[in-house]
Q: 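Pasting in a structure now, in structure tokens, and then I'll have a few things to ask.
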Amino acid sequence: MNKKLFSTFFKIGAFTLGGGYAMIPIIEAEVVDRRKWISKEDFLDLIAIAQSCPGVFAINISVFIGYKLRKVRGAVCSALGTALPSFLIILLIAMFFHRFMDVPWVAAMFRGIRPAVVALIAVPTFNLAKSARLTFSNCWIPIASALLIWLMGVNPIIIILAAGIGGLIYGEMKNEEP
């Protein structure tokens, strides 16, 4: 199982452009849909936890999935599988990039990749909103949060803490209703 965890997350890490958020649909397809290692609900919970923790999102989510499946060894295998491809690719780029910086087709290729990366991040955002049962009555929360962070420079940690406290209060109020 540890080899399978490592190879699954190595493949995900090697073939995903755009960082951790772009990995969400690929991780979900592998871990939830294809291999059925965890449920969709558990996956959503792990995403929320991984987003709330410091560090690289892709590593966090892989550690949580690995730990859920195989405890510490699973966490180590999945984290190494996720991080190793990026490390190797960055090492190769660092060794040779200075030779290719001024090549026009390389610059054009990177300009073409940028919009695709935006799409890779947008799709899991919409899927997460749907899975989290975001409706017109509560869609103001992520919109207000994004605007506070983007326009007013509010620290995301404050947003996370406020949302957690707000959710706790809402849950308590909902439980008290007859």
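Because the structure is a prediction, the values reported are computed rather than measured. Heavy-atom basis, side chains included; hydrogens, waters and symmetry copies ignored.
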Q: Do Val56 and Tyr67 belong to the same hydrophobic cluster, where Ile, Leu, Val, Met, Phe, Trp and Tyr are linked whenever their side-chain heavy atoms lie under 4.5 Å apart, directly or via other members?
A: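 Shared cluster, no.
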Q: How long is the straight-line distance from CD1 of Ile24 back to OG1 of Thr125, given to the nearest 0.5 Å?
A: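 So the OG1 of Thr125 and the CD1 of Ile24 are separated by 7.0 Å.
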Q: Quick check on the hydrophobic clustering: are Ile38 and Ile49 connected, directly or via other members, by side-chain heavy-atom contacts under 4.5 Å?
A: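 Yes; tracing contacts between hydrophobic side chains, which count when under 4.5 Å, links both residues.
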Q: How close do Phe6 and Leu80 get, counting heavy atoms only, and between which atoms?
A: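 Heavy atoms only, the tightest pair is CE1-C, 3.8 Å.
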Q: In Å, rounded to the nearest 0.5 Å, how long is the span from CD1 of Ile26 to NZ of Lys11?
A: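 It is 9.5 Å, given to the nearest 0.5 Å.
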Q: Can you list the residues that meet the side-chain contact (heavy atoms from CB on, under 4.5 Å) rule with Arg35, with sequence neighbours excluded?
A: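 So Arg35 forms a side-chain contact (heavy atoms from CB on, under 4.5 Å) with Lys4, Thr8, Glu30, Trp37.
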Q: Are any of the side-chain heavy atoms of Val31 and Phe9 separated by less than 4.5 Å?
A: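 Yes, side chains in contact.
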Q: Ala48 and Ser52: which non-hydrogen atoms are nearest, and at how many Å?
A: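 So the minimum-distance heavy-atom pair works out to O-OG, 2.8 Å.
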Q: If you group Ile, Leu, Val, Met, Phe, Trp and Tyr by side-chain heavy-atom gaps below 4.5 Å, do Phe87 and Val76 land in one group?
A: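 Linked within one cluster.
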Q: side-chain hydrogen bond (donor to acceptor under 3.5 Å, both in side chains): which pairs involve residues 136-148, sequence neighbours left out?
A: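 Qualifying pairs, neighbours excluded: Thr135-Ser137, Thr135-Asn138.
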Q: Any non-hydrogen side-chain atom of Ile149 less than 4.5 Å from a side-chain atom of Ile159?
A: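 Of all side-chain heavy-atom pairs linking Ile159 with Ile149, at least one is under 4.5 Å.
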Q: Does a sphere of radius 6.0 Å around CD1 in Ile157 hold more than 12 heavy atoms from other residues, nucleotides or ligands, not counting ones at 6.0 Å or beyond?
A: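 Open: at most 12 neighbouring heavy atoms sit under 6.0 Å from CD1 of Ile157.
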Q: First locate atom CD1 of Ile59, then atom OG of Ser86, and finally report the distance between them rounded to the nearest 0.5 Å.
A: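 Going from CD1 on Ile59 over to OG on Ser86, the span is 7.0 Å.
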Q: How far does OG1 of Thr82 sit from CD1 of Ile27, to the nearest 0.5 angstrom?
A: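 Reported to 0.5 Å precision, the distance equals 6.5 Å.
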Q: On a heavy-atom basis, which atom in Ala79 and which in Val63 lie closest, and how many Å separate them?
A: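 The answer is CB-CG2, 3.6 Å.
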Q: Indicate if Trp105 and Phe96 have the same hydrophobic cluster label, given that clusters are the connected sets of ILVMFWY residues with side-chain heavy-atom separations under 4.5 angstrom.
A: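 As far as the 4.5 Å side-chain criterion goes, Phe96 and Trp105 are connected within one cluster.
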Q: Can you see which heavy atom on Leu134 is nearest to which on Pro142, and at what distance?
A: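 Closest approach of Leu134 to Pro142: CD2-CG, 3.8 Å.
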Q: Any side-chain heavy atom of Ile65 within less than 4.5 Å of one from Ser78?
A: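 No; the side chains remain at least 4.5 Å from each other.
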Q: Check whether any side-chain heavy atom of Ile47 lies under 4.5 Å from a side-chain heavy atom of Ile61, and answer yes or no.
A: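 Side-chain contact under 4.5 Å: yes.
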Q: Any side-chain heavy atom of Val106 sitting closer than 4.5 Å to one from Phe110?
A: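 With C-beta onward as the side chain, the pair touches.
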Q: Which heavy-atom pair separates Met23 from Gly13 by the least distance, and what is that distance?
A: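 So the two residues come closest at CE-CA, 3.7 Å.
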Q: What's the spacing between Asp42 CG and Lys68 NZ if we round to 0.5 Å?
A: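 Separation between the atoms: 4.0 Å.
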Q: Establish whether Ile113 and Ile121 are linked, either directly or via other cluster members, by ILVMFWY side-chain heavy-atom contacts under 4.5 Å.
A: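 Same cluster: Ile113 reaches Ile121 through Ile, Leu, Val, Met, Phe, Trp or Tyr contacts under 4.5 Å.
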Q: Nearest 0.5 Å, what's the CG-CZ distance between Leu44 and Arg133?
A: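 Spacing of CG (Leu44) from CZ (Arg133) equals 8.5 Å.
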Q: Can you name the residues that form a salt bridge (charged side-chain N to carboxylate O under 4.0 Å, His left out) with Lys40, not counting sequence neighbours?
A: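 For Lys40, the residues satisfying salt bridge (charged side-chain N to carboxylate O under 4.0 Å, His left out) (neighbours in sequence not counted) are Glu28.
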